[in-house]
There are 2 protein chains.
Amino acid sequence: MTSPDPRRDESDFLAGYDPRDYDPVSVTVDVVALTIRDGDLHVLLVRRGSAPYAGMWALPGGFVRGVRDAEDLPDAAVRELAEETGLSAKDGVLGRVHLEQLGTYGAPGRDPRMRVISVAYLAFAPELPDPEAGGDAADAAWVPLAALGLTEAAEQRPGTTRRLAFDHARILADGLERARAKLEYSPLATAFCGGEFTIPELRTVYEAVWGEELHAGNFHRKVLSVPGFVESTGTTSDKGGRRGGPRPRLYRAGDARLLHPALLRPSREEEIR
Amino acid sequence: MTSPDPRRDESDFLAGYDPRDYDPVSVTVDVVALTIRDGDLHVLLVRRGSAPYAGMWALPGGFVRGVRDAEDLPDAAVRELAEETGLSAKDGVLGRVHLEQLGTYGAPGRDPRMRVISVAYLAFAPELPDPEAGGDAADAAWVPLAALGLTEAAEQRPGTTRRLAFDHARILADGLERARAKLEYSPLATAFCGGEFTIPELRTVYEAVWGEELHAGNFHRKVLSVPGFVESTGTTSDKGGRRGGPRPRLYRAGDARLLHPALLRPSREEEIR
DNA sequence: CCAATAGTGTCTATTAGACATTATAAA
DNA sequence: TTTATAATGTCTAATAGACACTATTGG
């Protein structure tokens, strides 16, 4: 086999190699962008306008610019996210979005037309405006995860959840699990909040992502006990709780990169074995 | 821009699209294969035979078969690993190797000749034979990580460690950090051991990967206290410790997928902020 | 007033980690 | 015999989590 791999240029075939002559593989980025709206976890989706999977929801994404205007993978993810949401990365709105690589999906046949390898990114965003339906998508919206039928059981069985195009249900499920795990040992829950937030607000983030209610009192004391998680602004919110209660204090994100001790999810006996 | 992205076939350009017409991007897999030899952590490396980076060590890897004999990414990783080590995946030797995706590296310019996006995999292997230098590599060997100058400081500054080709020093550093973190909450340390192992043997795995000595007594009790981490074979090793001591009992891997409670690394104050 | 909420206090079971102890095997 | 090691025991500080309590707000 005439391998043009750069790691194999011990072979005799290297001179004049042109990747176009070889197996064509396309590379895309897809973004799992999560946010909290009205206490519920939402994901940014676009609706496909044509076949395959016409009319179905899909993760925003697109082709990586390979040689002309070559871009790094995170740049491609930010660009696609900005294009689909209609927000500019220079607004400072997207500037506060946390972005990290989730994984790469390259099973043959995941795109029915050709070989596509997709690098998926995970984004944590504070509450953003509704996306503009323009761009390449027939529609674009923040969709509550509860509306996607991505139940625990469906996540276990890839392929049974047929509401998203391609293998995007699996990518979304992986992103969700990553987000759940990250909240345990990293301060990234603050990436879902604005610049200033209250402890109860932070708790709704944990509850929305983990999908379970937390004990308000223990959560409060726990957050304050982790060094560098949050720092006080000295100010107080101008409103009490939705149905009453004292005005909560305001905090901003601290300088910790890891939470120690971690905030562990309650009782996941099922996942252990 | 005529976007051939399958996620954008709302555009008018789709009919008759051929990826060869577009920006050529090559996709490779690289493998960070780790094992323990004589109590020290080793990585599988190959020595490059020609430019660029001729004579330098690099991670084993190669081109993903895209369309002809299309293969999934993990299959490509196993194939490359098998080719470089001279071991067959059907030996059962590679069958017990743990393999997981590490991340994808696609910065423009990471390969001086063309745009290459590399999907990196991380492998945990029990002690394997020396690789056969044949195949595509000028040389192949298990290299102790201590010999690579990958000190803590060097890991922090990508680019300063110049002993590995391309960005492989960064990939290796990321793989090392992933391995260190995984030992905390997953039972994957057992993947470095044979089918039966002793608790002190398991402790040397943790010590080699984490790079610090652990308290033997506390480690012993801790491992046994985690449900499903190890299960007793009822038998005892036929030899005592290297310099004396009673014969340790033998265990095999249990059925736990997560360690609870986790085995946390001692004192990483530096990493927290 | 009433109900919900923010924030704090208290108690108990679990855990981490330092240190000690005993038995066993290699040199 | 000496020394290192396996395995267990003991003690203390830190932590998780259940529960109670108060003060304060919205309705």
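A, B, ... follow the sequence lines: proteins, then strands. Residue 1 opens every chain. Just so it is clear, the values below take in all heavy atoms, side chains as well, and ignore hydrogens, waters and symmetry mates.
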* To do: List for me each residue that meets side-chain hydrogen bond (donor to acceptor under 3.5 Å, both in side chains) alongside Thr236(B), sequence neighbours excluded, and say none if there are none.
  => none
* Asked: Atom CG of Leu224(B) and atom P of dT15(C): how far apart are they, to the nearest Å?
  -> 14 Å
* Atom-to-atom span, CZ of Arg249(A) to P of dT5(C) - whole angstrom -> 18 Å
* **Under 4.0 angstrom between His220(A) side-chain N/O and dA6(C) OP1 or OP2** => no
* Structure fact -> Heavy-atom contacts, protein to nucleotides 19-27 of chain C, under 4.0 Å, summarised as B (base), S (sugar-phosphate only) or - (none) per nt, yield B---BBBSS
* To do: Look at atom CD of Glu213(B) and say whether more than 12 heavy atoms of other residues, nucleotides or ligands are closer to it than 6.0 Å.
  => no
* Asked: What pairs meet the side-chain hydrogen bond (donor to acceptor under 3.5 Å, both in side chains) rule with one or both residues in residues 182-192 of chain B, with sequence neighbours excluded?
  -> Glu100(B)-Lys182(B), Glu184(B)-Arg265(B)
* Asked: Glu213(A) CD to dA18(D) C1': how many Å, rounded?
  -> 16 Å
* In chain order, what residues pass the side-chain hydrogen bond (donor to acceptor under 3.5 Å, both in side chains) check against Thr233(A), with sequence neighbours excluded? -> Thr235(A)
* To do: For Arg221(B), enumerate each residue passing the side-chain hydrogen bond (donor to acceptor under 3.5 Å, both in side chains) test, keeping only those at least two apart in sequence or located in another chain.
  => Asn218(B)
* Return the value, rounded to whole Å, for the distance between atom CZ of Phe229(A) and atom P of dT15(D). => 16 Å
* Structure fact -> Sorted by chain and number, sequence neighbours left out, ring pair (Phe, Tyr, Trp, His ring centres under 6.0 Å) with Phe219(A) holds for Tyr206(A)
For a quick test of your reading: what N or O donor-acceptor pairs under 3.5 Å do the side chains of residues 197-204 of chain B make, sequence neighbours left out?
residue: Thr198(B); atom: OG1; partner: Glu201(B); partner atom: N; Å: 3.1
residue: Glu201(B); atom: OE1; partner: Thr198(B); partner atom: N; Å: 3.4
residue: Thr204(B); atom: OG1; partner: Glu201(B); partner atom: O; Å: 2.5

* Residues of residues 184-206 of chain B with any non-hydrogen atom less than 4.0 angstrom from an atom of DNA chain D: list those, numerically ordered, please. => Pro200(B), Arg203(B)
* For Phe192(A), enumerate each residue passing the ring pair (Phe, Tyr, Trp, His ring centres under 6.0 Å) test, keeping only those at least two apart in sequence or located in another chain. => Phe124(A)
* With respect to the side chain of Pro261(B), which nucleotide from dT15(C), dT8(D), dG7(C) is positioned closest? -> dT15(C)
